[in-house]
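Comments concern the structure below.
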Protein chains: 2
Amino acid sequence: MTEASGSSHTMRALTELRQRILNGELQGGTRLLEVPLAEMLQISRTPVREAMSRLVEEGLLERARSGFVVRTFGLDDVIDAIELRGVLEGTAARLAAERGAEPELLAKITAIVAELDTCFGEDPGDTDFDNYSRLNADFHRVLAQLAGSKVIARELDRVMRLPFASPSAFLPDKVDMVSRRHSLDLAQAQHREIVAAIGDREGARAEALAREHARTARRDLEYVIARKRSLTGPVASIALIVD
Amino acid sequence: MTEASGSSHTMRALTELRQRILNGELQGGTRLLEVPLAEMLQISRTPVREAMSRLVEEGLLERARSGFVVRTFGLDDVIDAIELRGVLEGTAARLAAERGAEPELLAKITAIVAELDTCFGEDPGDTDFDNYSRLNADFHRVLAQLAGSKVIARELDRVMRLPFASPSAFLPDKVDMVSRRHSLDLAQAQHREIVAAIGDREGARAEALAREHARTARRDLEYVIARKRSLTGPVASIALIVD
DNA sequence: CAGCGCCAAAATGTATACATTGCGTGCCTT
DNA sequence: AAGGCACGCAATGTATACATTTTGGCGCTG
């Protein structure tokens, strides 16, 4: 939605490179050379450069003395990114409460929380993780908007784009669904509380709750890392990064 | 220091454009066209593009559907940026206290605070604003490092680069030095308290103090805006922006 | 008169050739 | 043999020509 959908060469290079970085194919510190990449993608250096430039904006690459390198993330950085997300979401929640959130957005996030409930079946094995993941991402997106601040929403968006700061990154497919379900129950209760606090204009409480929510996510991540042998899919990068 | 010193065409364009944006010559929302800029700077479109791309990274420009526009900042955004800075510096201070700051950095920031004292002469009119401004920037830079987190330092750096979020942006030359001096006294007292709280490992207190410090900066800004007729120099952009 | 669609020109996207820079290697000098 | 200078390669920086997309306006039509 935020992404310009263009099918130009730049976009293809952007998508391709982003994927390879998130996959872990391109490890942190790897220098990206324009010519080999251009040859690999069968395009000229120009759109490659353009794509790399945008990946710097996204925080996945860094500019070196000359050229670009893949940004390095260690376990410490992962933890810090989640901490940061919690702080920013806390701020968003507090400001939403203090300044009074747009009723429309408040209704929207309430609806999302309600819909999240439908992902939880009777049986723990019955949880709709995919749907939860999508709705959870929506929750955090709307939360970012609730403060009604372009500046804050923008920085929050930046942080969430860091490959692991996203709250949906910790929902791997096949990992011990029963105990994951436990985490999600807790997270869902927190969603409810955060929205309630904003509705009640209790800024400080909303902020504290949002921070706690992120702390839960961090614990989830630590759990995932601890069992990373059984991981596949979108979190593979984390498994590689923290090796 | 962070800035690559290169004297290439790209760097020249970057410097030139940045200056014109901060000057207010290029107002928010202005679309930047490559060809006219290239002609103006007597260079080709390539380095112009490159420079604009980097200005997106700095947060001064945005990418539109196609091309670039100068990012728009309103008074609300200015306030939010300062709020955000306070939150991030608060986080840095808290983490520094919780995790234990590097003694070397702690010594460094203590020295900066001490040196800041030397800027205050007996007479209010005797204040060395320039030196204060420089040291104050150092204080905030070191504070950003104290958390020992690349991720947090990076985002904080981003926010501080926003033209007005920087705590040194509110020290215009000729404006009512006596009452400015009052603000600086307060700010300096806060500097001291923040460092003390970090040294004492009082995370929550350090966080609260850093936030309060930013709130002081916001009040300073509001004061500056209120009297903006008498402004010149680096804050001229604010005067334009909030008109 | 409003709305739709198409055309032209202006602006960006892309390719490619050439310039410059930085670094490593090897030879020459002492 | 060791040090330094120079040459050359490889990579990015820059210019420019060409392709594609976007946009705004004009005229047609309902």
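We name chains A, B, ... by the order of the sequence lines, and we start the count at 1 in each one.
Atom P of nucleotide C:dA10 and atom CD of B:E39 are separated by 13 Å, given to the nearest angstrom. Rounding to whole angstrom units, CD1 of residue A:I43 and P of D:dA19 are separated by 18 Å. As rounded to whole Å, 14 Å separates atom C1' of C:dT21 from atom CD of A:E34. Taking atom CZ of residue A:R45 and atom C1' of nucleotide C:dA15, one finds them 11 Å apart after rounding to whole Å.
Residue A:H9 places none of its side-chain N or O atoms closer than 4.0 Å to OP1 or OP2 of D:dT20. A close approach under 4.0 Å does not occur between any side-chain nitrogen or oxygen of A:T46 and OP1 or OP2 of C:dT14. Between B:R49 and C:dG13 there is a side-chain N or O to OP1 or OP2 distance below 4.0 Å.
Side-chain N or O atoms of A:R12 include one that pairs as donor or acceptor with a backbone N or O of A:L41 at under 3.5 Å.
Nucleic acid contact class of A:R63 (heavy atoms, under 4.0 Å, all strands): none.
The aromatic rings of B:H140 and B:H191 stand perpendicular to each other, their planes meeting at an angle above 60°, with 30° marking the opposite boundary.
Checking D:dA11, D:dA15, C:dT16 against the side-chain heavy atoms of B:S44 singles out D:dA15 as nearest. Closest to the side chain of A:P47, from the set C:dT14, D:dG13, C:dT12, is C:dT14. Of the candidates D:dA15, D:dA11, D:dT23, D:dT23 carries the atom nearest the B:R65 side chain, counting heavy atoms from C-beta on.
Remark: the B:N131 side chain and the B:R134 side chain contain an N/O donor-acceptor pair separated by less than 3.5 Å. For the residue pair B:T10 and B:R54, no side-chain donor N or O sits within less than 3.5 Å of a side-chain acceptor on the partner.
Side-chain to base pairing of B:S66 with C:dA11: no donor and acceptor N or O lie closer than 3.5 Å to each other.
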